[in-house]
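Everything below concerns the one structure shown next.
Lettering follows sequence order; numbering is per chain, from 1. Reckoned from all heavy atoms, side chains included, excluding hydrogens, waters and symmetry mates.
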2 protein chains.
Amino acid sequence: MPERSPKGRENFSRKREAILNALRNTDAHPTAEWVYRRLKPEYPDLSLGTVYRNLGRFQEAGQAVSLGVIGGHERFDGDTSRHAHLVCERCGAVVDVYGGLPEPGELERISRLSGCIVQSASVTFRGICGKCAKEDGDGA
Amino acid sequence: MPERSPKGRENFSRKREAILNALRNTDAHPTAEWVYRRLKPEYPDLSLGTVYRNLGRFQEAGQAVSLGVIGGHERFDGDTSRHAHLVCERCGAVVDVYGGLPEPGELERISRLSGCIVQSASVTFRGICGKCAKEDGDGA
DNA sequence: TTGTAAAGTAGTAATCGTTATTATTTTTGA
DNA sequence: TCAAAAATAATAACGATTACTACTTTACAA
């Protein structure tokens with residue numbers, strides 16, 4: 001039985017809380033479907049639409065971000081801190097990568113050079129994730 | 001009447017050539033629908049499926065790249081040179097941005113630090129494009 | 001508690017960008 | 001001119017996401 005938050009001022013729906021927790025307790029950068037399947041056993045009457053609706057709500061509230069559509073499915077991240085991602089060409093996993101993001105000063109520089117107002121940057125690497133790279137090294 | 005390429009060894013289909021030219025002669029980073037509408041007057045029996053099929057083929061051949069799904073539509077770029085993009089929050093335009101991409105040496109550094117094999121990077125900025133920024137400045 | 005209005009959800013239908021299918025047309029190379 | 005290969009048009013199918021409606025849960029005060 002999941003606990004309610006201390007004072008139910010926000011996220012007063014149990015399912016909403018469960019969705020946010022599922023998102024925060026994984027580094028899989030899951031799809032809506034993934035979250036749905038993860039929670040379905042504990043919430044048998046959970047609806048996929050509810051997952052989508054709440055994921056959208058979390059984004060508006062700044063509690064989650066979308067990584068965009070990868071392989072036909074939109075992927076979400078409950079970690080809103082500044083970091084980049086790598087999509088593994090071998091296994092399709094999306095993993096966190098620290099580094100490679102342009103510094104705020106760089107965004108300013110690009111703004112001046114381009115005439116645009118650059119507000120944020122998202123960086124996505126392509127390559128082989130650590131797990132697959134290790135399997136290759138092992139001769140797997 | 002569009003000219004054929006000098007020796008029809010590749011791209012021997014007129015429509016294929018027209019699609020590739022349309023993609024190369026714009027900096028709009030168009031969707032399949034955009035290309036379709038652009039060419040329909042000159043090729044009244046052009047089919048949207050043909051545009052999709054050829055855009056996919058150009059990617060495989062390295063003649064074009066996909067910028068991914070932006071606002072629900074996949075966008076393509078006939079310019080395969082190394083550059084980044086900015087998506088305008090105001091008007092939705094996608095514009096080229098030079099700078100902000102991690103250097104090859106940076107990719108190597110991240111590879112070592114992360115244990116991944118980083119092969120390429122794609123950078124997408126969010127902000128206001130030059131045109132919209134100018135309109136703001138003009139008090140429009 | 002009990003009532004009630006607001007918020008949230010389940011279940012399902014609808015939407016829409018993209019892909020697959022198949023008969024037909026175009027291109028190619030002889 | 002001919003036949004095989006490639007490409008296409010038109011349409012159907014697909015699938016992720018969104019919209020809709022009746023029902024349920026929540027919050028909050030009497």
Side-chain angles (χ1 to χ4, degrees), chain A residues 1-23 29-37 39-61 63-64 66-76 92 94, chain B residues 1-23 29-37 39-61 63-64 66-76 92 94:
Chain A
M1 272 135 232
E3 293 294 322
R4 301 298 317 288
S5 59
K7 270 293 180 187
R9 307 304 296 121
E10 270 174 69
N11 298 126
F12 36 71
S13 150
R14 291 194 159 182
K15 286 169 183 171
R16 178 175 302 156
E17 282 200 332
I19 293 166
L20 186 55
N21 284 334
L23 191 61
H29 308 90
T31 64
E33 185 77 25
W34 186 99
V35 173
Y36 174 73
R37 282 214 260 264
L39 296 178
K40 190 70 172 172
E42 192 171 0
Y43 301 86
D45 65 347
L46 179 66
S47 182
L48 184 53
T50 295
V51 176
Y52 274 109
R53 177 160 26 78
N54 280 293
L55 288 174
R57 183 193 178 103
F58 297 150
Q59 285 185 76
E60 288 173 21
Q63 298 171 296
S66 169
L67 306 187
V69 178
I70 299 173
H73 302 69
E74 184 166 16
R75 304 190 73 146
F76 300 89
V94 177
Chain B
M1 271 140 228
E3 293 293 321
R4 301 299 316 287
S5 59
K7 269 294 182 187
R9 306 303 298 121
E10 270 176 68
N11 299 127
F12 35 70
S13 149
R14 292 193 158 184
K15 285 170 183 170
R16 177 176 302 156
E17 282 199 332
I19 292 166
L20 186 55
N21 284 334
L23 190 61
H29 309 90
T31 64
E33 185 77 25
W34 186 99
V35 173
Y36 174 72
R37 282 214 259 264
L39 297 178
K40 191 71 173 173
E42 192 170 0
Y43 301 86
D45 65 345
L46 179 66
S47 181
L48 185 55
T50 295
V51 176
Y52 275 109
R53 176 161 26 79
N54 280 294
L55 288 173
R57 176 194 254 262
F58 296 150
Q59 285 184 78
E60 289 174 20
Q63 298 171 295
S66 169
L67 306 188
V69 177
I70 300 173
H73 302 70
E74 184 166 17
R75 304 189 73 147
F76 299 88
V94 177

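- Here the CG-CG distance, from B:L39 to B:N21, works out to 9.0 Å after rounding to the nearest 0.5 Å.
- For the pair A:L55/A:L23, a side-chain contact is recorded, criterion being any heavy-atom separation below 4.5 Å from C-beta on.
- Each end of the helix from C:dT1-D:dA30 to C:dA30-D:dT1 gets its own axis, taken as the rotation carrying the C1' atoms of four end pairs onto the next four within a five-pair window, and the two axes meet at 30° to the nearest 10 degrees.
- The side chain to side chain donor-acceptor pair (under 3.5 Å) pairs that include a residue from residues 67-76 of chain A are A:S66-A:E74, where partners are two or more places apart or lie in different chains.
- Applying the side chain to side chain contact (heavy atoms under 4.5 Å, CB included) criterion to A:S47, with sequence neighbours excluded, gives A:T50.
- In this structure, CD of A:E74 is placed 16 Å from P of C:dG17, rounded to the nearest angstrom.
- For the pair A:N54 and A:K15, the minimum side-chain heavy-atom distance is 4.5 Å or more.
- Across the protein-nucleic acid pair, B:L20 atom CG and D:dA7 atom C1' stand 16 Å apart, rounded to whole Å.
- Counting only heavy atoms from C-beta outward, the side chains of A:V35 and A:F76 never approach each other to under 4.5 Å.
- In this view, A:Y36 and A:E33, A:K40, A:L46, A:L48, A:V51 satisfy the side chain to side chain contact (heavy atoms under 4.5 Å, CB included) rule, not counting sequence neighbours.
- When the side-chain nitrogen and oxygen atoms of A:Y52 are compared with OP1 and OP2 of D:dT18, none of them lie within a distance under 4.0 Å.
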Inset, instruction - List the protein contact pattern of nucleotides 3-10 of chain C with one symbol per nucleotide (5' to 3'): B for base contact, S for sugar-phosphate-only contact, - for none; contact means a heavy-atom distance under 4.0 Å. - result: ----SSBB
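- At a threshold of 4.0 angstrom between heavy atoms, the contacts of B:E33 with the nucleic acid are absent.
- Spacing between atom CD of B:E17 and atom C1' of D:dA6 amounts to 15 Å, rounded to whole angstrom units.
- In this structure the side chain of B:R57 never reaches within 4.5 angstrom of the side chain of B:Q63, judged on heavy atoms.
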